[in-house]
Number of protein chains: 2
Amino acid sequence: MGSLANRIEEYLKGILDQAEEGYIIFQRGFLADFFSCAPSQINYVLTTRFTAERGYLVESRRGGGGYLRVIRLGLDPDGKFQRLMAELIGEELSQERANNLIDRLEEEEIFTKKEAILIKSIFADSIFVDLVPSPEILRARMMKEILANICRDDINV
Amino acid sequence: MGSLANRIEEYLKGILDQAEEGYIIFQRGFLADFFSCAPSQINYVLTTRFTAERGYLVESRRGGGGYLRVIRLGLDPDGKFQRLMAELIGEELSQERANNLIDRLEEEEIFTKKEAILIKSIFADSIFVDLVPSPEILRARMMKEILANICRDDINV
DNA sequence: GAGTTAATGGTCAATGAAGGTCATAATGTC
DNA sequence: GACATTATGACCTTCATTGACCATTAACTC
């Protein structure tokens, strides 16, 4: 739980929450020094924690004056988001990517905690084992179906 | 009676009873050391004593910073869920029976309208077609998983 | 302006640190 | 003694962390 990667993740998210612009900029070496770790550890945290499914975009620049920029992506409520998601999901969806997506939707308050738990529970590989030859494809189908139904007007009546 | 497995079981249940959050987290190696046993003995205790039918869920994470989490399922006074779950094991569940069951649970306010819509939407035959040879068995498995997770004590924390 | 150098960040393979699985041995129970 | 339960150890998978080496950019020199 209290791994270094987790602490760096929390730290960055904390700053990001404060950032009015919706993004933060910092230098890799500086952050690595701050946490007394290898610089590549920062890349590890960024690639595993700040992915598109989780709602983040990372930009960078090398050379003197180089930097890392982590951008928090917002959702727009007019359904453009669902199309983007569907595109992001594609034809296959692993359990891990599904979990990331669902967590993200919970953060955006599109799902309640209960909904997130229930959906994640039936998206687990262990549910499909021995019954579904291509769990990734089925998961993608189910996730898209859920996204489509979220848009229904009558869903919260 | 005073087997090691029983002592570990009692120990975990004791802590779990105190836990306000409805779950406990610990490391397998630490617990194994504490009881001077093989780490796999912990798995044995968890898989034989902390099953959904007995009122528990177990989650875990591997790798550095890994952990085990045992979640207490809430009381189910009439044993309704437990009976339903037991029935669904190895059972088959058609789309129609699933819809009826979900509707009933919505009437009993176990599910919100939104939850019912979402779950029914991904339980449809059309989702499974060409991907799942035995959709009825998969549906039963998913339904059982959902019933178990509904009872999670940490779901509203 | 071209070339050089220093200051960044990127990649990847190796290693460490957890938990998972399974066959089998040991122990209890009747 | 036969069967069921418990306990272990060898081997596997997943996640974290580091360091060596690579790529890009800015600044500096001429």
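A note on names: the letters A, B, ... follow the listed sequences, proteins ahead of strands, and every chain is numbered from 1. Keep in mind the model is a prediction, meaning the values are calculated, not measured.
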Inset, instruction - Evaluate the criterion salt bridge (Lys or Arg N to Asp or Glu O under 4.0 Å) for residue pair A:K120 and B:E59; output intermediate values, then yes/no. - result: CA-CA 12 Å; A:K120 278 194 279 188; B:E59 295 177 352; over 6 Å; no
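Scanning atom types as modelled, one donor and one acceptor separated by under 3.5 angstrom connect the side chain of A:R28 and the base of C:dG10. Taking 3.5 Å as the limit, the base of D:dT25 and the side chain of A:R61 contain no donor-acceptor pair of atoms between them.
Of the listed nucleotides (C:dG9, D:dA7, D:dG19), D:dA7 has the atom at the smallest distance from the side chain of B:S3. Looking at the side chain of A:R49, the nearest of the listed nucleotides D:dT8, D:dT6, D:dA16 is D:dA16. Here the nucleotide nearest the side chain of A:Y44, chosen from D:dT17, D:dT8, C:dG20, is D:dT17. Checking C:dG19, C:dT21, C:dG10 against the side-chain heavy atoms of B:S40 singles out C:dT21 as nearest. For A:R62, the listed nucleotide lying nearest its side chain is D:dT24; candidates were D:dT8, D:dT24, D:dT17.
In this entry the distance linking CD of A:E9 with P of D:dT17 reads 12 Å, nearest Å. A straight line from CD of A:Q41 to P of C:dG9 spans 15 Å, rounded to a whole angstrom. Here the P atom of nucleotide C:dT21 and the CG atom of B:L68 are 11 Å apart, to the nearest Å. Distance, B:Q27 CD to C:dA17 P: 12 Å, rounded to whole Å. Atom CG of B:N6 is separated from atom C1' of C:dT29 by 14 Å (rounded to the nearest Å). Going from atom CD of A:Q95 over to atom C1' of D:dC15 covers 15 Å, rounded to whole Å. Atom-to-atom, CG of A:L46 to P of C:dC12 comes out at 16 Å; the value is rounded to the nearest Å. When the P atom of C:dA17 is taken as reference, atom CG of A:L4 falls 14 Å away, rounded to whole Å.
Environment of CD in A:E91: sparse, with no more than 12 heavy atoms of neighbouring residues, nucleotides or ligands closer than 6.0 Å. Surrounding CD of A:E96 are at most 12 heavy atoms belonging to other residues, nucleotides or ligands under 6.0 Å away. The local environment of CD in A:E21 is crowded, with over 12 non-hydrogen atoms from other residues, nucleotides or ligands closer than 6.0 Å.
Along DNA chain D, the nucleotide nearest to B:A5 and the one nearest to A:E96 differ in position, and the one closer to the 5' end is contacted by B:A5. If you find the closest nucleotide of DNA chain D to B:A38 and to B:G63, the one lying nearer the 5' end belongs to B:A38.
Contacts of A:G64 with the nucleic acid, taken as non-hydrogen atoms under 4.0 Å apart, include base atoms. Among the heavy atoms of the strands, none lies under 4.0 Å from A:I42. Within the 4.0 angstrom heavy-atom criterion, no nucleotide atom of any strand lies near A:R69.
Taking 4.0 angstrom as the limit, B:S60 places a side-chain polar atom (N or O) nearer than this to OP1 or OP2 of C:dG20.
When side chains are defined from C-beta on, A:I150 does not count as touching A:E115, because their heavy atoms never get closer than 4.5 Å.
In summary, the side chains of B:N100 and B:R97 do not present any donor paired with an acceptor at a separation below 3.5 Å, with no hydrogens or angles considered.
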